Participant: 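The structure under discussion is supplied below as structure tokens; questions concerning it will follow.
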Amino acid sequence: MPELPEVHTILKQLEPHILNKPIQELYVSVKGQRLIKPRSPGDFSSKISGRKIIMVKRYGKFMVFLLDNEQQIIGHLRMSGRLTYSPKLLKHKHKHLHIKFADNGYLNFIDVRRFGTFHLVSNIGNYQGLQNLGIDALSPALSAEELYWKFQVTSKNIYKALLDQAVIAGLGNIYVNEDLYASSIRPITKARKLSLQEVRQLLVNIRLILKAAISFKGTTLLDKTYLDSAGDTGKFYKRLRVYDREGKPCYKCKTLIKRVRIANRSAFYCPKCQKG
DNA sequence: AGGGGTACCTGCGGGC
DNA sequence: TGCCCGCAGGTACCCC
């Protein structure tokens, strides 16, 4: 579920509630076997109790909570994870973890499918998930030339290349589909076939769409899996042009949108507007 | 190297 | 009504 705009929204909303407050304890439900590292809730809890979160950062879809003793909690929401803040203990069927602060506030992790992870590390540089991460899609450090170069040295199609977090960090299925539609590129096009000019335009569209999605607090689909930290729906769903529109008319040319399976995921495109 | 499949989970909607 | 199937904003791991 959550891609860059959703993770960004959640962290921005949480920040004022969780920064610089002493942590009292960590609670993990018995179901959360794969959820945390270290695996022992007691171990995890004792290592962070008394500490404060002094900074929150996002790398792609990863969330990093920096503690005041230089430990970091690295979180990933995967498909259905949510984070909320509550001033009181929250009862919820799918709440698998919370951090209780000394002021009695709670940071809650809710996750229906239980794919999400929270890892406590002392050296962020050794964390595998971040080592393999490419430059963040919204980072000014990412240039069209670099992206073009990465496309030149792979034989992947552009759909898989954009989903590859080592190529560009932060995009997921919704925004990749929207980016390719906006750029008139078919998902199955080989990434290396794109000209530098086309990559420039693609990167412009990626950033425009991500920023617009952030301004709408992300995208919530019909199943309501994603809700922001305040429990609200992300209103960018109103702006989706191609994702989940199979069989519906293209907004530009009225041709019916097609769906193809690529690597067990659904790619949507307009067969007339998107060339390749 | 990259494609494809599976696995990790729960829940929902559609078809029969 | 109920069962079975496919599908879901992600990623890691296997085999060819």
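Order of the sequence lines sets the chain letters (A, B, ...), proteins ahead of strands, with each chain counted from 1. These numbers were taken from a predicted model, which means no experiment stands behind them.
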Participant: With a non-hydrogen cut-off below 4.0 angstrom, is A:Y243 in contact with a base, only sugar-phosphate, or nothing?
Facilitator: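 Since only primed, P, OP1 and OP2 atoms lie under 4.0 Å of A:Y243, the category is sugar-phosphate.
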Participant: I'd like to know whether the aromatic ring centres of A:H119 and A:Y127 sit less than 6.0 Å apart in this structure.
Facilitator: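 For A:H119 and A:Y127, the ring centres are under 6.0 Å apart.
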Participant: A:Y175 OH to C:dG9 P: how many Å, rounded?
Facilitator: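 These atoms are roughly 12 Å apart.
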Participant: Which glycosidic conformation, syn or anti, is assigned to C:dG9 if syn requires a torsion within 90° of zero?
Facilitator: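 C:dG9: syn glycosidic orientation.
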Participant: Let me know the distance between CZ of A:R265 and P of C:dA12, rounded to the nearest Å.
Facilitator: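 Going from A:R265 (CZ) to C:dA12 (P), I get 13 Å.
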Participant: Is the shortest heavy-atom distance from the side chain of A:Y27 to the side chain of A:L89 under 4.5 Å?
Facilitator: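 No, side chains not in contact.
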Participant: Less than 3.5 Å apart, any donor N or O on the side chain of A:N173 or A:Y159 sitting next to an acceptor on the other?
Facilitator: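 A donor-acceptor contact under 3.5 Å links the two side chains.
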Participant: Classify every nucleotide of nucleotides 2-7 of chain B by which part a protein heavy atom approaches to under 4.0 Å, writing B for the base, S for the sugar-phosphate alone and - for neither, in 5'-to-3' order.
Facilitator: SSSBB-
Participant: Can you label the angle between the A:F109 ring and the A:F118 ring as parallel, tilted or perpendicular, going by 30° and 60°?
Facilitator: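 A:F109 and A:F118: perpendicular rings.
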Participant: Going by number, which of residues 176-183 of chain A have a non-hydrogen atom under 4.0 Å from DNA chain C?
Facilitator: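 Close to the strand, none.
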Participant: Is there a side-chain contact between A:I48 and A:L26 (heavy atoms, below 4.5 Å)?
Facilitator: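 A side-chain contact exists here, since the closest heavy-atom pair is under 4.5 Å.
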Participant: A:F115 on top of C:dG10's base, within under 5.5 Å and under 30°?
Facilitator: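 Here A:F115 meets both the 5.5 Å and the 30° conditions.
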Participant: Are any of the side-chain nitrogens in A:R200 or A:E145 under 4.0 Å away from the carboxylate oxygens of its partner?
Facilitator: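 Salt bridge present between A:R200 and A:E145.
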Participant: Please measure how far the C1' atom in B:dG3 lies from the corresponding atom in C:dG9, and state the result in whole Å.
Facilitator: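 Taking atom C1' in both B:dG3 and C:dG9, they lie 23 Å apart.
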Participant: Please state how far atom OH in A:Y226 lies from atom C1' in C:dG9, giving the value in whole angstrom units.
Facilitator: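 Interatomic distance, OH of A:Y226 to C1' of C:dG9: 10 Å.
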Participant: Only distances under 3.5 Å count here; give the side-chain donor-acceptor pairs of residues 262-272 of chain A to other protein atoms, sequence neighbours excluded, each with its distance to 0.1 Å.
Facilitator:
{"from": "A:S266", "atom 1": "OG", "to": "A:R259", "atom 2": "NH1", "distance (Å)": "2.8"}
{"from": "A:S266", "atom 1": "OG", "to": "A:R261", "atom 2": "NH1", "distance (Å)": "3.0"}

Participant: Kindly give the heavy-atom pair with the smallest separation between A:L66 and A:Q72, and that separation in Å.
Facilitator: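 Result for this residue pair: CD1-NE2, 3.5 Å.
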Participant: Which dot-bracket string fits DNA chain C when only Watson-Crick or G-U wobble pairs with both atom distances under 3.5 Å count, crossing pairs get [ ], and | stands for a partner on a different strand?
Facilitator: .|||||||.|||||||
Participant: What are the atom names and distances for every N/O pair under 3.5 Å that joins the protein to nucleotides 10-13 of chain B?
Facilitator:
{"from": "B:dT10", "atom 1": "OP1", "to": "A:R114", "atom 2": "NH2", "distance (Å)": "2.5"}
{"from": "B:dT10", "atom 1": "O4'", "to": "A:V112", "atom 2": "O", "distance (Å)": "3.4"}
{"from": "B:dG11", "atom 1": "OP1", "to": "A:K93", "atom 2": "NZ", "distance (Å)": "2.9"}
{"from": "B:dG11", "atom 1": "OP1", "to": "A:H94", "atom 2": "NE2", "distance (Å)": "3.0"}

Participant: Show the nearest heavy-atom pair for residues A:Y59 and A:D136, with the distance to one decimal.
Facilitator: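 Distance-wise, the nearest heavy atoms are C-OD1, 4.0 Å.
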Participant: Please state how far atom CG in A:L35 lies from atom C1' in B:dC9, giving the value in whole angstrom units.
Facilitator: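 Taking CG of A:L35 and C1' of B:dC9, I get 13 Å after rounding.
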Participant: Could you check whether any side-chain N or O of A:T154 sits under 3.5 Å from a backbone N or O of A:F151, counting only pairs where one atom can act as donor and the other as acceptor?
Facilitator: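 Not confirmed, A:T154 side chain does not pair with A:F151 backbone.
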Participant: With a 4.0 Å cutoff (strictly under), does any side-chain N or O of A:Q165 reach OP1 or OP2 of C:dT11?
Facilitator: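 Yes, such a contact exists.
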Participant: Considering only atom P, compute the distance from B:dA1 to C:dG10 and round it to an integer number of Å.
Facilitator: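 Taking atom P in both B:dA1 and C:dG10, they lie 24 Å apart.
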Participant: Sub-3.5 Å donor-acceptor pair from the side chain of A:D111 to the main-chain atoms of A:G116, do we have one?
Facilitator: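 Looks like yes, one N/O pair under 3.5 Å.
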Participant: I need the CG-C1' distance between A:D164 and C:dC13, as an integer number of Å.
Facilitator: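 Taking CG of A:D164 and C1' of C:dC13, I get 15 Å after rounding.
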Participant: Would you say A:S183's side chain and A:L180's backbone share a donor-acceptor pair under 3.5 angstrom?
Facilitator: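 Such a contact is absent between A:S183 side chain and A:L180 backbone.
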Participant: Can you tell me how far C1' of C:dG9 sits from CG of A:L171, to the nearest Å?
Facilitator: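 It works out to 12 Å between those atoms.
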Participant: Using a cut-off of less than 4.0 Å, is there contact between a side-chain N or O of A:K61 and OP1 or OP2 of C:dG10?
Facilitator: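 Yes, such a contact exists.
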Participant: Could you state the atom-to-atom distance from CG of A:L240 to P of C:dG9 in whole Å?
Facilitator: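 After rounding, the gap between these two atoms is 12 Å.
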Participant: Who passes side chain to side chain donor-acceptor pair (under 3.5 Å) against A:K150, sequence neighbours left out?
Facilitator: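 Result, side chain to side chain donor-acceptor pair (under 3.5 Å) vs A:K150: none returned.
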Participant: Taking atom P in both B:dC9 and C:dC3, compute the distance separating them and give it to the nearest angstrom.
Facilitator: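 About 24 Å, rounded to a whole number of Å.
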Participant: Starting at atom CZ of A:R78, determine the distance to atom C1' of B:dC9, rounded to an integer number of angstrom.
Facilitator: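 My rounded result for the distance is 12 Å.
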Participant: For A:E70 and A:L67, indicate whether the former's side chain and the latter's backbone hold a donor-acceptor pair under 3.5 Å.
Facilitator: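 The answer is no, because no donor-acceptor pair under 3.5 Å joins these two groups.
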Participant: Between B:dT10 and C:dT1, how far apart are the P atoms? Round to whole Å, please.
Facilitator: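 25 Å, rounded to whole Å.
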Participant: Which class fits the ring pair A:H92 and A:H94: parallel under 30°, tilted 30 to 60°, perpendicular over 60°?
Facilitator: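 A:H92 and A:H94: tilted rings.
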